[in-house]
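In what follows, a single structure is set out as structure tokens and then discussed.
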Amino acid sequence: MGSDTYRWLAKYYDHLFDLHTPFEAARQRIVEPLMHRVESACDLCCGTGTLAVQFASRGIRAFAVDLSPDMCRLARKKARQAGVTVRVLQADMRDFRLPQPVDLVTCEFDALNHVPRAKDLGRVLKCVARALRPGGHFAFDVNNRLAFERVWFSTWFLERDPVVMVMRGGHVRGSDRAWTNVEWFVREGKCWKRHHEHVEEVCWTAAEMRAALAQAGFDRIRAWDAAPFFNDALTRPGNRTFWRARKAPP
Ligand SMILES: C[S@@+](CC[C@H](N)C(=O)[O-])C[C@H]1O[C@@H](n2cnc3c(N)ncnc32)[C@H](O)[C@@H]1O
């Protein structure tokens with residue numbers, strides 16, 4: 001993804017997507033048990049900054065990283081409006097670097113799947129490990145190939161004034177890639193303006209994920225199927241996995 005890909009998605013992200021409940025339920029189960037020892041945290045691929053602002057509101061030293069300048073701007077604005085401090089860094093998840101190590105890194109809503117190539121996973125995990133203090137945790141979720149096969153061919157339509165968004169997904173069977181073409185129709189007075197965005201995702205098997213985490217120095221690797229947290233027809237068992245791993249102490 002280029003740094004300008006999430007332009008319209010950034011602008012209307014909070015307006016259109018309200019998927020936070022299942023992610024909150026998963027976080028409650030997977031991340032909350034660690035929180036009593038978390039003094040600093042970074043939300044990687046932070047989007048509009050909702051989670052980083054939540055961290056900061058709990059008194060946690062909060063960092064947020066995103067490649068999209070528009071997302072970074074919105075995250076800074078959200079922090080300002082909430083009256084909290086979040087250090088927002090515009091950077092690629094494959095080579096980001098925090099000014100100091102943190103206790104927790106999160107990366108939600110299949111953001112990790114957005115790396116350009118599946119083989120970039122190791123680079124991201126290396127950066128996450130560098131960002132964590134020994135004993136710190138990385139919590140994230142990914143779409144699996146089953147999601148690409150089962151739901152990616154659909155067309156989604158979302159309408160919430162002043163935007164209409166049509167998402168058309170695709171996937172080459174047997175491959176680790178999928179894409180979404182997003183057509184935007186934005187009402188400006190009596191006219192509608194059309195914009196186009198293209199977002200791609202890659203995926204990994206559970207075995208590849210475990211091996212890459214171990215290779216990057218993580219232990220206590222645990223996985224949860226997302227279906228019970230979502231409880232909807234889209235997120236069938238196998239489609240999405242929540243992962244948590246610890247940066248192994250020396
Ligand atoms: C599906 S959104 C998830 C946003 C947020 N985590 C949430 O839960 O709402 C994916 C995010 O990943 C960011 N992103 C995509 N590729 C990236 C990269 N290579 N490095 C950093 N951020 C990236 C996008 O700008 C976008 O904000």
Side-chain angles (χ1 to χ4, degrees), residues 1-28 30-31 41-55 62-79 86-98 104-128 130-131 138-143 147-148 151-152 156 158 165 167 169 177-180 182 197-203 226 229-230 234-235 239-243:
M1 176 193 121
S3 62
D4 57 348
T5 301
Y6 259 74
R7 174 142 182 256
W8 296 96
L9 276 164
K11 190 167 162 93
Y12 293 111
Y13 196 81
D14 287 348
H15 186 62
L16 291 179
F17 298 104
D18 189 16
L19 269 172
H20 289 287
T21 316
F23 287 97
E24 269 157 22
R27 216 180 297 133
Q28 196 60 32
I30 297 163
V31 180
C42 172
D43 191 32
L44 182 59
C45 305
C46 64
T48 59
T50 307
L51 181 54
V53 168
Q54 271 184 39
F55 287 146
F63 297 89
V65 173
D66 202 284
L67 183 60
S68 154
D70 294 294
M71 287 296 199
C72 290
R73 196 173 34 75
L74 291 165
R76 288 189 190 104
K77 185 174 166 197
K78 197 173 274 182
V86 174
R87 178 116 181 240
V88 181
L89 308 166
Q90 193 216 329
D92 193 309
M93 64 178 131
R94 294 171 297 171
D95 52 28
F96 78 100
R97 193 183 273 270
L98 298 184
L104 173 70
V105 175
T106 50
C107 185
E108 290 192 346
F109 204 168
D110 51 87
L112 192 55
N113 294 88
H114 288 62
V115 283
R117 294 168 300 266
K119 67 176 188 198
D120 291 326
L121 177 63
R123 264 177 78 182
V124 179
L125 295 178
K126 224 168 137 187
C127 290
V128 173
R130 181 175 61 195
F138 181 34
F140 60 98
D141 63 273
V142 285
N143 274 323
F148 291 176
V151 296
W152 234 258
W156 309 99
L158 276 171
M165 186 189 75
M167 294 173 93
R177 308 186 71 82
W179 62 88
T180 310
V182 191
E197 262 170 346
H198 178 82
V199 179
E200 295 202 356
E201 292 204 1
V202 294
C203 67
F229 301 112
F230 280 73
L234 277 183
T235 316
N239 282 15
R240 181 188 293 268
T241 306
F242 284 92
W243 290 89

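Whatever order the structure lists them in is the order used to number ligands and atoms, beginning at 1. In this chain, residues are counted from 1 in sequence order. Quick caveat: nothing in here was measured; it's all calculated off a predicted structure.
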Ala91 contact mode with ligand 1 (heavy-atom cut-off under 4.0 Å)
backbone

Taking distance alone, with no angle check, do Tyr13 and ligand 1 share an N/O pair under 3.5 Å?
yes

Taking distance alone, with no angle check, do Cys45 and ligand 1 share an N/O pair under 3.5 Å?
yes

Below 6.0 angstrom between ring centroids: does that apply to Phe230 and Phe23?
yes

Would you please determine whether Asp92 falls within less than 4.0 Å of ligand 1 on a heavy-atom basis?
yes

Atom 11 (C) of ligand 1: of Asn113, Asp43, Asp66, the nearest heavy atom sits on Asp66

Closest contact, heavy atoms only, Ala226 versus Thr235
CB-CG2, 4.0 Å

Look at the rings of Tyr12 and Trp8 and say which category their plane angle falls in: under 30° parallel, 30 to 60° tilted, over 60° perpendicular.
parallel

Judging by distance only, is a nitrogen or oxygen of Met93 under 3.5 angstrom from one on ligand 1?
yes

Which atom of Asp66 lies closest to which atom of Cys45, heavy atoms considered
OD2-C, 3.3 Å

Assess whether a salt bridge exists between Lys11 and Asp70, defined as any Lys/Arg side-chain N lying under 4.0 Å from an Asp/Glu carboxylate O.
no

How far does SG of Cys46 sit from CG of Leu74, to the nearest 0.5 angstrom?
9.5 Å

Taking 4.0 Å as the limit for heavy-atom contacts, which would you say applies to Met71 with ligand 1: side chain only, backbone only, both, or neither?
side chain

Do any N/O atoms on Ala111 end up under 3.5 angstrom from N/O atoms on ligand 1?
no

Which is it for Phe23 and ligand 1 at heavy atoms under 4.0 Å: side chain, backbone, both or neither?
neither

Could you grab the distance from atom CZ of Phe109 to atom NE2 of His114, nearest 0.5 Å is fine?
8.5 Å

